[in-house]
There are 2 protein chains.
Amino acid sequence: MKHWDEVRTAYHVARFGTVSAAAEALGVHHSTVIRHIDALEAHLGLKLFQRHARGYTPTEAGSEVLRVAQATEDQMNQLESRLRGGGDELKGEIVITSLQEVSHFITPILAKFRAAHPDVQIRYMITERLFRLEFGEAHVAIRAGEAGQDPDNVIQPFFQMQMGLFASQTYVDRYGDGIDPDGLLSDHLFVCNADEALPAPHYMWIRENVPPEQIVFSSTDGQTLIQAVQEGIGCGFVERGQAQDLGLVEVTLQNQDWRVPLSLVTHVDLHRTPKVQAILKFLKDACKQM
Amino acid sequence: MKHWDEVRTAYHVARFGTVSAAAEALGVHHSTVIRHIDALEAHLGLKLFQRHARGYTPTEAGSEVLRVAQATEDQMNQLESRLRGGGDELKGEIVITSLQEVSHFITPILAKFRAAHPDVQIRYMITERLFRLEFGEAHVAIRAGEAGQDPDNVIQPFFQMQMGLFASQTYVDRYGDGIDPDGLLSDHLFVCNADEALPAPHYMWIRENVPPEQIVFSSTDGQTLIQAVQEGIGCGFVERGQAQDLGLVEVTLQNQDWRVPLSLVTHVDLHRTPKVQAILKFLKDACKQM
DNA sequence: GATTATATGTGCGATTATGCACATAACGGG
DNA sequence: CCCGTTATGTGCATAATCGCACATATAATC
């Protein structure tokens, strides 16, 4: 495989999703980017991207390129830092992904990390969808539930997310907080994520135990769900720290604890890089001193 | 760091040691190579190579580039194989280094590996000098004695090399094989490596126990030493299997076994690559079934 | 010690890649 | 429904790169 520069171009296209954005990031004209992609595809004899009027979507093959090129990009950046006498300073982008529930806990840690490493840019992707580490979409993923069995993933335990069933004060005033003897499910209304495939145990509990007619509000967006709880539509699962910040009241329907073990997941190809090692250490240290 | 292609060029220069050889390997004119190096150095603001009339010698910085680029080259090759629908076939070069003593054992294994993976080229470097894995000079090193403490190296035990003190039949006819009671050191002549810094225990034994005047022949080249033993100049340490092939006779001066533990050493950056994993598995399997 | 082989450097014409202007196509909003 | 925005493509002039020929320097050889 010659043409490393073309691979680098393809990498940026895959990252941004459009030729134009990639061209701007690379500091070249967008026609150059198109021609690089065309040349690379011609050389390989296969399509790396699905041409779309709104941008370029990576094919399976294109995603493979993305992963390899991201590892290379990181190594090149690291190399440059070292060569420039800058010692082992970190630079470049770090992509982290997690569920929305833990974001208010993660963000301050990331802020401290940024302060310690001024040359890194942090991209924190909040999404319900599982990012595919094997395609280089993220350096570090914070995942809940059982970790996938992909042997290319390096998994280590992070901390336990403290979920709880919360509601607004107005809701509790009307429907009770469930603490009174035999707090029944039938007395309550629920707010739940609309995505039925989510593996999180508390959502599974709702789907299994709550009659559908009592799920009065659902959405695919976590922030919207919290807002629904705040508005008093029903009670729903919120992370404890976040619930306290928002002044929500806990509703205790069963003496069940909703701790969700979180894992830090990285792809093996990226796991050894100084950047990933640094952010992992930072995250784990921050979790220890809690 | 832009200019991945220039890094690739520098990589080949560092590998071959000359601009001309790199140019031929890359399929470009040597002036192009020179200009790539010049541009890269200008961009980084430091010298990657020491210009010499006989070639380019990598500086410390140049060696760093070599290591990173080798990891990248391997990943690119692997990527191309996968993309071309070739599944996970291995291709490209694998560099292995070891002492001369184990070569006759390693070579058949490498031959089988080659047969199983037709697209790989094997470069087997026999050298007394320790190759510096951290500079990407080799994928796998087979080392004797205590492994270095470099945290960037992944070390795993390989097998025990069976050394023995051997001599030619003509030598034994004249000086005895040492098996008779109280075979004395003073009755024998020795052949020994001229390099005094070698850590191998049998060489250390010679240096500590044999009076210098009885070391009648020394050389820095292992093959030459064996030849000297074959010629009956003296007795010297030879690997048992090799000694048998050559029809040498064992000389037993002390009831000491000269087993030398060997280790497989790889650099962390390369250790996870399919190529290195494949060759390591092959070597370890071959060692198990002995 | 002259010769040969093998290197590294450099000016110049040919080749190639790039940037620019412009064309085209889809989505979204008032 | 039309128009603005944001995309992808495509000639064409220009700029950058490359290959070639040639100059130069050094180690090895006879």
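Keep in mind that this is a model prediction, so the values were computed, not measured. A note on names: the letters A, B, ... follow the listed sequences, proteins ahead of strands, and every chain is numbered from 1.
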Task: Rounded distance (Å) that lies between atom C1' of dT8(C) and atom CZ of Phe16(B) - done: 18 Å

Task: Parallel, tilted or perpendicular, as decided by the 30° and 60° cut-offs, for the rings of Phe49(A) and Tyr56(A) - done: tilted

Task: Euclidean distance, atom NE2 of residue His3(A) to atom C1' of dC18(D) [Å, nearest integer] - done: 15 Å

Open item on the list: Between Arg35(A) (side chain only) and Ala39(A) (backbone N and O only), is there a donor and an acceptor less than 3.5 Å apart?
Closed with: no

- [ ] Kindly point out which of dG19(C), dC18(D), dT8(D) is positioned nearest to the side chain of Thr32(B)?
- [x] dC18(D)

TODO: Remember a base hit wins even if backbone is also touched, and classify Arg35(A) as base, sugar-phosphate or nothing at under 4.0 Å, heavy atoms.
DONE: base

TODO: Could you give me the CA-CA distance, side-chain angles and deciding distance for Glu93(A) and Lys275(A), then say whether salt bridge (charged side-chain N to carboxylate O under 4.0 Å, His left out) is met?
DONE: CA-CA 9 Å; Glu93(A) 192 177 57; Lys275(A) 226 156 68 173; over 6 Å; no

Task: Length of the line joining His43(A):NE2 and dA17(C):P, which is rounded to integer Å - done: 13 Å

Task: Between dA17(C) (P) and Ile34(A) (CD1): distance, integer Å - done: 16 Å

TODO: Rounded off to whole Å, could you give me the CG-to-C1' distance for the Leu48(A) and dT8(D) pair?
DONE: 17 Å

TODO: Calculate the interatomic distance between Phe49(A) atom CZ and dT8(D) atom P; express it in whole Å.
DONE: 11 Å

Open item on the list: I'd like to know if the side chain of Thr107(A) and the backbone of His104(A) have a donor-acceptor N/O pair within less than 3.5 Å.
Closed with: no

Task: Geometric class of the His117(A)/Phe113(A) ring pair [parallel <30°, tilted 30-60°, perpendicular >60°] - done: tilted

Open item on the list: Rounded at 0.5 Å granularity, tell me how far CG in Asp74(B) sits from CE in Met1(A).
Closed with: 12.5 Å

Open item on the list: Using heavy-atom distances to pick each residue's nearest nucleotide on DNA chain C, tell me which of His36(A) and Asp38(B) is more 5'.
Closed with: Asp38(B)

Task: Thr9(B) OG1 to Leu40(B) CG distance, which is reported to the nearest 0.5 Å - done: 8.5 Å

TODO: Let me know the distance between CD of Glu24(B) and P of dA5(C), rounded to the nearest Å.
DONE: 17 Å

Sort me out a list of protein N/O and nucleotides 4-7 of chain D N/O pairs below 3.5 Å, or just none if empty.
none

Task: Between dG19(D) (C1') and His29(B) (NE2): distance, integer Å - done: 6 Å

